[in-house]
Structures are given as C-alpha cells and as structure tokens.
Amino acid sequence: MGEHGWPPVGLTGHPWRRDSMRASQLFMPTLKDDPSDAEAASHKLLVRGGFVRQFAAGIYIFLPLGWRVMERVNRIIREEMDAIGALELSMPTIHPAEVWQQTGRYYDIGAEMFRLKDRGDRDMVLAMTHEEVFAWLAGRELRSYRDLPQIWYQIQTKFRDEPRPKGGVLRVREFLMKDSYSFDIDVEGLEVSYAKHIEAYDRIFTRTGLRFYRVESDPGMMGGLGAHEYMADSPAGEDRVALCECGYAANVELARSIALPPSAEEVTDLEGSEGPVEVSTPNTRTIAEVSSLLGIPASGLIKSLLMISDGQPVLAMVRGDQELRERKLERVLGASFRPAHPEEVKEITGTEGGFLGPVGLSGVRLLADLSLAPDGPGGARGYVTGANKLHAHLRGVVLGRDAQVEFVDLHEATSGEGCPECGGVLRIEQVIEVGNIFKLGTKYSDPLGVTVLDEDGVERPVIMGSYGIGPARIMATAVEQGNDERGIVWPKAIAPFDVQLVQVQAADETQTAVAAEVYFMLGEQGWDVLWDDRDVRAGVKFADAELIGAPVRVTVGKLAAHGVVEVQPRAGSERQEVALAELAATVASLWQAAR
RNA sequence: CGGGACGUGGCGCAGCCUGGUAGCGCAUCUGCUUUGGGAGCAGAGGGUCGGAGGUUCAAAUCCUCUCGUCCCGACCA
C-alpha cells in the first residue's frame with residue numbers, strides 16, 4: 001500500500017491494530033465551506049468533515065470516516081443486543097408484495113413505500129421495515145411454546161420514500177436501522193422482552209454519549225399495547241417532548257398536562273349571570289379578533305373545531321390559548337377524522353366557521369378539553385364561545401350547565417403547565433427520535449398466522465414486539481449535541497479515532513521518528529490513532545483535527561527533539577507539554593475526562 | 001401535496017433586472033520561496049451557464065415546459 005520511507009506501518013498483516021491509520025493513506029475529503037444545501041449543524045459538519053456525501057435527495061454515501069463512526073455505533077448496539085440474548089440475522093430488503101398485502105399495509109401505506117415489479121411482472125416492494133418478514137419466518141419456523149421466547153435482530157437497510165427528506169442524514173429515504181422483534185407466548189412474556197429492550201437501549205444510548213430521554217409515545221391507531229421513544233434533545237429535532245423533574249416524560253402527541261388557570265380578570269364574566277349572554281361580534285372569527293374586540297384574554301375563550309369522523313360530526317373544544325392535539329382526539333374517537341368542509345359546517349351548525357359553539361347544537365358529539373371542566377383549573381366559570389349564529393358570540397358559557405359535553409384530554413401540553421404526575425412544572429424540548437420500542441401484540445402474527453402450540457396443545461398467536469434504532473441518527477445527534485465553531489466534538493465512544501496525532505512537519509525526520517513511536521505506543525495500548533503525516537501546512541492539520549473531532553490530540557512538533565509532545569482534549573483548550581514517558585498516562589486521563 | 005427559493009468549472013459564489021459569446025475566491029497542476037493555525041509570487045488546465053423548446057441577427061441573461069436540490073407547512077409504519 002504505497003509505503004515509502006520509515007517506518008513500515010500500515011502494511012497488511014502488520015502486528016499493530018488495523019484501526020489506527022495514517023492520514024496520508026486515508027480518503028478524508030474535508031471542505032472549508034459549508035455545503036450550500038445544508039441547514040442543520042450535523043449536516044454541515046458531517047459533509048465538511050468528510051464523513052458523508054449526498055448522492056440524491058435523502059440518499060447518502062458514507063465515506064471512510066463516516067463509516068467508522070457507524071461501525072462504532074453498530075458495535076455498541078450489537079454488544080448490548082447480544083447481552084439481552086438477542087440473535088443477529090439478516091433479512092432481505094426486496095419483498096414480494098404478498099406478505100405486505102396479507103397484513104394490509106400494502107394498501108394502508110401510500111407513496112412512502114417504494115414499489116416495483118420483477119421481470120415476471122410480480123409486485124415487489126423495498127422494505128420500509130421488517131415486521132412482515134420476521135413474522136413470516138417466525139410463522140414458518142416456530143411451532144411450540146418451547147421455542148419461545150425469541151428476540152431476533154438485524155442491522156439492515158430500510159427504504160422509505162419520504163415526501164420531504166431533510167436535515168442531512170436525519171431524515172432520509174434509504175437508511176440503516178437496527179430492528180429487533182420479540183416473540184412470546186403471552187403478554188407477560190412480551191413485558192419481559194420489552195423490559196430487556198429498555199435495559200439494552202438505556203445502555204446503548206448512554207454508551208454512545210447522547211443526552212436522551214425515554215418517553216411515552218403514541219402506540220398508534222392499530223391497537224398497540226404501549227410504546228416508548230428514545231429522544232435526544234436538539235434544535236434540529238422534528239419532535240417535541242414534555243418533561244418534568246419527577247421523571248414524567250412523554251411525546252407532546254400524547255403528553256398530559258394540567259393547564260394553567262385562565263387569567264383572573266374574566267372570571268367576573270360569570271358572576272351574576274343566569275346563562276349565556278349573546279354579544280354582537282361582526283366579522284370577528286378568530287380567537288385573536290374576538291379576544292381583542294371583547295377585551296378578554298384568549299384563555300377566556302373556547303376554541304370550537306368541527307370535525308368529521310366516520311361520517312359523524314364532532315365538535316372539539318379547547319381553550320382559546322391552547323392548541324388541539326390531533327392524536328389525542330383520534331385516540332378519544334378511536335378513529336381518524338378530518339376538519340369539516342365549509343358546506344358541512346353550514347349544514348350542521350347553520351353558521352360559518354368562527355362562530356361555532358357547543359350551546360344549542362344537536363346531533364353533534366361534544367368533546368371539551370379537561371381544562372374547561374368545572375372541576376378543572378379554571379373552576380366553574382363562564383367562557384366566550386361562538387353563538388352558532390353569524391356575527392355573534394356568547395359570554396358566560398359554563399360547560400356542563402349550558403351544554404352537556406364530554407371532558408377529555410385534547411390540548412397540547414405547553415411549557416409551564418403542570419405535570420400530570422407530580423404537579424411540578426413541565427418543560428418542552430425539541431428532540432430527535434433515535435429509537436423506539438413497541439408492544440405489537442398480534443397485529444402481525446394474526447394475519448400471517450404466526451402461532452405456536454401451548455402447554456395444552458392449543459394453538460395460540462405469538463405476541464410480538466418491535467424495536468428500532470437509527471445508527472445514523474445517533475451519529476448526527478452526537479454531532480448536534482457536540483460541536484463548536486471549529487468542528488465536531490465527538491463523544492469518545494463513537495469518534496472515528498480516539499487520538500489524532502498531528503505531526504507538524506512531515507519532512508522532519510526527528511518528528512517522524514517521535515510520531516512513529518507515539519503511534520505504536522498508543523496503538524499497542526489499544527487506542528485508535530489517526531496519524532496526520534500529510535505533507536501539508538500545520539494549520540491545515542490543526543483545522544482538520546478540530547473539524548474531525550477526535551477526543552484527544554497529540555501534537556509532535558518543535559519539542560520532539562527533546563522527547564516532548566503536546567496533548568490537548570478536543571473539548572477544551574488546555575494544552576500541556578508532556579514527555580514521552582508520561583504520554584500514556586496523560587492520554588488516558590484526558591480520555592477518562594472526555595464525555 | 002400547498003407555499004417559497006435556488007441550479008453558472010470539483011466546492012462556495014458574482015454576472016441575469018437593462019441580451020452582445022463567462023468571471024471571482026478556494027481547490028487542482030508546474031516552478032520558486034515559505035513552513036506551529038486553512039501560505040506567497042508567477043504560470044497553467046478545467047465550464048456547450050441543469051435539460052428541452054421558443055423569441056431574437058445574437059440568449060447564462062427574455063418566454064414556456066421539464067428535471068433536480070433546499071427551506072417552511074402538511075404527512076411520517
């Protein structure tokens with residue numbers, strides 16, 4: 001491999017770790033400028049640092065550095081999955097359409113699934129996920145409860161034709177995923193498999209150095225038994241979670257929260273009133289308009305939204321200062337819904353959007369957020385709501401008295417609201433989903449006939465769980481959470497190299513000799529070292545070292561002749577001069593201190 | 001799918017409004033100098049301006065269509 005000069009390192013079969021390398025032999029195309037199409041910090045830095053290149057929208061090439069990071073992430077995943085007794089295997093990524101037709105997903109999922117035909121004109125799909133194949137295999141091979149439990153996993157490519165790839169490697173159309181599937185005889189068994197995954201995932205994300213939360217997530221409409229997501233905070237995230245000091249953590253899609261009481265001033269609105277009072281509100285349709293016309297804060301209004309679900313009208317009500325959370329309504333209804341069209345609004349309520357309210361509406365299911373209940377944070381009090389009449393609203397509407405409604409949780413949790421568990425203060429954080437775990441039940445085993453015989457010889461459907469992790473998201477999230485103006489600051493567990501050895505003068509024989517000594521010594525101690533022996537200016541090497549972000553940098557320069565090198569952590573700027581004899585200890589202690 | 005923007009040497013951009021045959025920085029190659037924070041000087045190579053059609057004596061520039069990419073929103077097993 002293009003060896004020249006001394007020492008003869010990097011040769012095939014040499015005695016030192018193959019994970020150490022010389023930069024002159026590494027393909028590491030770094031860039032000075034941010035790519036023009038990058039927005040997220042991780043996107044810019046991973047491209048600039050020579051970790052990835054974009055091939056097409058949402059389709060990426062992993063260059064040697066990027067692949068090293070992925071391999072380190074995957075190694076951690078494998079170790080922890082193996083530790084809970086999961087078995088690695090590899091599934092195909094091209095599937096005949098039949099299995100997907102059997103579970104119905106072939107029809108439920110739209111353009112997000114890549115579909116193709118083989119030469120025989122048979123319908124095929126590219127795998128978006130692997131529940132179907134795993135269930136297919138389990139159905140063929142598992143026969144007895146004695147074969148259970150099983151946990152199988154793979155680290156395999158997934159294809160999803162995302163409508164909008166974004167954030168570099170964060171949201172893509174082809175990506176690697178660790179997915180595992182558990183097979184148990186009963187729900188108790190599933191709980192055990194699920195708990196094992198929690199154990200493994202907690203360790204995986206801790207080891208990869210991410211700041212993360214395990215949060216309750218929406219198990220979806222399909223009758224899942226429960227689910228959690230692993231979320232890592234980042235402004236580049238596409239999800240939000242509600243968090244409390246007490247440990248409560250949930251995706252805002254379903255996070256419960258105790259609304260703050262509405263501001264005091266409009267409480268007087270109720271006093272002395274026997275019932276709602278109509279007020280004229282010409283052309284006043286939005287919460288903001290009504291609020292400013294009547295001089296009542298938004299929290300004193302009721303926002304009424306007419307929805308159609310299963311062909312039936314539903315009026316969903318939240319307070320004027322709140323947002324309706326669609327998923328919550330969906331869960332209450334047990335079905336999907338859509339906003340009513342303007343003609344439907346007219347037909348059902350006799351008025352137009354902007355003047356809707358619960359009072360006097362018949363034939364419409366009335367659902368109000370818990371915070372509007374008489375025993376809610378606002379107490380029994382009057383609100384302003386539409387009068388179901390053009391250009392008019394009602395004041396002093398008390399739900400429960402003036403309209404019979406069902407009180408359910410519909411509003412989106414917001415920062416500052418009360419924690420549903422302890423009453424503490426909730427905060428909302430923007431996060432990246434790096435992993436998820438689902439209790440599936442028999443959603444796939446039923447249609448695919450995955451059954452085993454139990455102790456009594458009775459055929460029973462296998463209870464499944466499904467568990468995912470996105471290694472590239474871990475990589476990108478680590479960059480999101482660890483970077484500065486000079487580049488990436490990798491968590492030590494997944495950095496492409498442990499130590500970047502910068503030899504200031506490539507042509508200086510003394511420096512070469514000292515650098516080689518350092519390289520071998522650190523290598524023998526188990527460090528993965530990138531020895532920057534390139535014949536480029538010192539500034540370029542320093543800049544690249546900081547961009548690439550190895551946790552520890554060792555610089556061999558002027559002081560080499562005296563047997564002294566410089567050492568500094570990527571995360572800090574303290575630089576120390578160290579004699580070669582002390583180097584091992586210094587590197588070890590900096591490593592210890594690194595995140 | 002709705003809204004917005006951008007496609008010009010490898011990368012980042014200017015030129016377009018007001019048509020006249022393409023330019024800057026970085027990178028690359030050669031030479032000399034330099035050498036601990038992305039070097040300097042001199043020289044060189046490299047682009048049918050995303051594609052197609054149209055207008056015009058003449059199109060990177062104007063018009064139409066199309067493809068690609070990014071951003072906001074919707075969507076996200």
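Everything numeric in this text was worked out from a predicted model, so none of it was measured. Within every chain, numbering begins at 1; the chains are lettered A, B, ... in the order of the sequence lines, protein sequences first and strands thereafter.
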Sugar-phosphate only, base, or nothing, as touched by A:Tyr106 at under 4.0 Å among non-hydrogen atoms: nothing

Donor + acceptor pair across side chains of A:Glu216, A:His228 (<3.5 Å): no

Sugar-phosphate only, base, or nothing, as touched by A:Arg575 at under 4.0 Å among non-hydrogen atoms: base

Sugar-phosphate, base or nothing in reach of A:Arg553, heavy atoms under 4.0 Å: base

Sugar-phosphate only, base, or nothing, as touched by A:Pro29 at under 4.0 Å among non-hydrogen atoms: nothing

Parallel, tilted or perpendicular: rings of A:His43 and A:Tyr60 (30°, 60°): perpendicular

Neighbour count above 12 (heavy atom, 6.0 Å) for A:Arg115 CZ: yes

Sugar-phosphate only, base, or nothing, as touched by A:Arg486 at under 4.0 Å among non-hydrogen atoms: nothing

Sugar-phosphate, base or nothing in reach of A:Ala56, heavy atoms under 4.0 Å: sugar-phosphate

B:C72 phosphate, OP1 or OP2, under 4.0 Å from A:Lys166 side-chain N/O: yes

Whole-Å C1' distance, B:G20 and B:U34: 45 Å

Distance, C1' atom - from B:C13 to B:G47, rounded to whole angstrom: 14 Å

Separation between the C1' atoms of B:U8 and B:U69, rounded to whole Å: 15 Å

Spacing of A:Leu324 atom CG relative to B:A74 atom P, expressed in whole Å: 13 Å

Touch class at under 4.0 angstrom, heavy-atom based, for A:Gly167 against every strand present: sugar-phosphate

Phosphate contact (B:U35 OP1 or OP2) by A:Arg537 side-chain N/O below 4.0 Å: no

Any side-chain donor near an acceptor of the partner, A:Asp184 and A:Ser193, under 3.5 Å: yes

No-hydrogen, no-angle side-chain donor-acceptor test under 3.5 Å, A:Asp446 and A:Tyr444: no

Side chain A:Gln503, main chain A:Gln505, donor-acceptor under 3.5 Å: yes

Donor-acceptor pair between A:Glu480 and A:Asn483 side chains, under 3.5 angstrom: no

Spacing between A:Gln511 atom CD and B:G36 atom P, to the nearest angstrom: 9 Å

Side-chain donor/acceptor contact of A:Arg164 with base of B:G4 under 3.5 Å: no

Touch class at under 4.0 angstrom, heavy-atom based, for A:Glu162 against every strand present: nothing

Nearest-Å distance once atom P is located in both B:G53 and B:A59: 13 Å

Separation of the C1' atoms in B:A22 and B:C41, to the nearest angstrom: 26 Å

Closest-nucleotide 5' rank along RNA chain B - winner of A:Arg105 and A:Gln54: A:Gln54

Touch class at under 4.0 angstrom, heavy-atom based, for A:Ala543 against every strand present: base

Polar pairs (N or O, both sides) under 3.5 Å between protein and nucleotides 8-15 of chain B?
| unit_1 | atom_1 | unit_2 | atom_2 | d |
| --- | --- | --- | --- | --- |
| B:G12 | OP1 | A:Ser36 | N | 3.4 |
| B:G12 | OP1 | A:Ser36 | OG | 3.3 |

Pair A:His197-A:Ser182, side-chain donor/acceptor within less than 3.5 Å: no

First encountered from the 5' end of RNA chain B, between A:Gly539 and A:Met128: A:Gly539

No-H, no-angle donor-acceptor pair, A:Gln505 side chain to B:G36 base, under 3.5 Å: no

A:Phe542 side chain, from C-beta outward: closest of B:A27, B:C71, B:G37: B:G37

Gap in Å between the two C1' atoms, one belonging to B:G36 and one to B:U21, rounded: 49 Å

